[in-house]
Amino acid sequence: MSSGTAKSEQLVLVIDFGAQYAQLIARRVREARVYSEIVSHTISSQEVKDLAPAAIILSGGPKSVRVDGAPMLDEEIYNLGIPILGICYGAQLMALQLGGEVSRFDQGEYGRTQLTVTPATQLLDANVGEQSVWMSHFDCITKVPEGFEATASTPNAPVAMLENKQRNLWAAQFHPEVVHTPGGQELLCRFLHDLAGCDPTWTPGSVIDDSIAAITAQVGDRRAICGLSGGVDSAVAAALVHKAIGSRLTCIYVDTGLMRSGESDQVVETFEKHQGIELIHVQAADRFFAGLAGVTDPEEKRKIIGELFIRVFEEASGGIADADYLVQGTLYPDVIESGTADAAKIKSHHNVGGLPDDLSFDLVEPLRNLFKDEVRRVGSELGLPDEIVWRQPFPGPGLGVRIIGEVTPDKVATLQDADLIVREEIAAAGLERELWQAFAVLPDIKSVGVMGDERTYAHPIIIRAVNSDDVMTADWARLPYDLLEKMSSRIINEVTDINRVAYDITSKPPGTIEWE
Ligand code: XMP
């Protein structure tokens, strides 16, 4: 259901039938400057009425509409007079539920195919002739419902688009939301702006005023605390809450000793000096190093860091009287995914957002309707510096999961120096915003080398740089050789006790992004 934040904007509901692409549809709608939210296909027509969306999009889905147990839509929704666009499964479902037929074809259609459009449709420009679209289906609409017209076909889909202008119902068998359908965004814009009458006025910044009003109403005259990790999500959440309740927000920054070079200074500088936010800076490095002494197992390390973090945070927050609210930088993908995916645990992630519920605070989550890139834009509009807004993701356990084997202050210092060189050179090459992450790893091995005329026996540094859209998969970045060489020679010359540099060319899967 809608997350219920006050919104003065028109809303587009993306009804999810289990699609891989529901989030992508929601993003594309927002790129068309109309606010969108994803809801489950179990939504009732009364609930839709209450939300009063300006338009509805039915997503694709993995099932066949013809099998028992296939997700259906409350048919009353078609009668509410709200413009609807069905995509793939959504198109077939609309056809089936309104009296058409869907059958299994001999041949499915997967990937790029050519679409022939009739001049009659307003959804696409028929003048361009044949156009490339992305298909992924084995069922086909074989009979259009009464009152509908087929307006496009492909070699294996006689009905690739259909519409009922009077009822403002539209459907496409292909996927307009993916980049492989070049005219896809135009189709969505035509549907949203021309056919559904949505105004293209929404921007991520539009949420700022509504969020401030909602936070003010929620927190009233009480106090809120926010754990800062130095990352963009908690930073933007804190900046928003600070705009709403001013000095009644206190931020807590736990310095675990496992942060990157310069990170703690930057957090203090940004929040205390520039934003004027009250900040409790807890120096807890000694406790973390003591807790980690002698520990080499990755999961045990993560557990120790996570638990210590909570304990230190509790101690710091316990001193703040009247603090009833905890600010979290939860994002929209976390909201959508929580509870749905039953994926196997690969690593036990720990971050500031992972503080346990029994800390006995009510949650304030001002970013729960935003995607990551939208959060960055809000952060910029709130005046946060680029170094915070464009910061790469950094794991909650920090450098602790980039040091293989026991974590010691010396190893952290070595890794901080090497990591800084990697980041400096990536920035100098102008690749900072292109890469998902780029960092250094310190493995627990030594190798023989020669420097000057001396034999060396020292640790290597491994450079890891990846591209990713969604973190679930990632590819190793094809960094220029010259850049790799520059990083390698600087690391060996400037970082003590390193005599070799390797580049990690493993994608995810089979590797993960971090080494532990
Ligand atoms: P992996 O290594 O699982 O990482 O491919 C995926 C993304 O998550 C980040 N990461 C974490 N983030 N707490 C976090 O907040 C964690 O415990 C954690 N472990 C990994 C990692 O940097 C990458 O962006």
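Each ligand, and each atom within it, is numbered from 1 in the order the structure gives.
Per-residue contacts place Pro397 under 4.0 angstrom from the following atoms of ligand 1 (heavy atoms of the residue considered): 13 (N), 16 (C), 17 (O). Each of the atoms 16 (C), 17 (O), 18 (C), 19 (N), 20 (C) of ligand 1 lies under 4.0 Å from some heavy atom of Arg302. The atoms of ligand 1 that sit less than 4.0 Å from any heavy atom of Lys508 are 1 (P), 3 (O), 5 (O), 6 (C). Every atom of ligand 1 is numbered from 1 in the order shown, and the set under 4.0 Å from a heavy atom of Thr512 is 1 (P), 2 (O), 5 (O).
When Val466, Ile513, Ile305 are checked for heavy-atom proximity to atom 4 (O) of ligand 1, Ile513 turns out nearest.
Not one N or O on the side chain of Asp419 forms a donor-acceptor pair closer than 3.5 Å with the backbone of Leu415. Panel note: side chain Tyr89, backbone Pro71; a donor-acceptor pair is recorded below 3.5 Å.
For the ligand labelled ligand 1, residue Trp436 lies inside the 4.0 Å heavy-atom shell. A heavy-atom separation below 4.0 Å is not found between Gln392 and ligand 1.
Of the N and O atoms on the side chains of Asp410 and Thr408, not one donor lies less than 3.5 Å from an acceptor on the other residue.
For the pair Arg260 and Phe439, the cation-pi criterion (under 6.0 Å, within 45° of the ring axis) is not fulfilled.
Backbone and side-chain nitrogen or oxygen atoms of Pro393 are examined, and none is located within less than 3.5 angstrom of a nitrogen or oxygen of ligand 1. In terms of polar-atom proximity, defined here as any N/O pair under 3.5 Å, Arg402 makes no such contact with ligand 1.
Note on Asp386 versus Arg433: salt bridge recorded, some NZ/NE/NH1/NH2 to OD/OE distance being below 4.0 Å. Using a 4.0 Å cut-off between charged nitrogen and carboxylate oxygen, Arg223 and Glu278 count as a salt-bridge pair.
The minimum heavy-atom distance between Ser36 and Val29, with the atom names listed, is CB-CG1, 3.7 Å.
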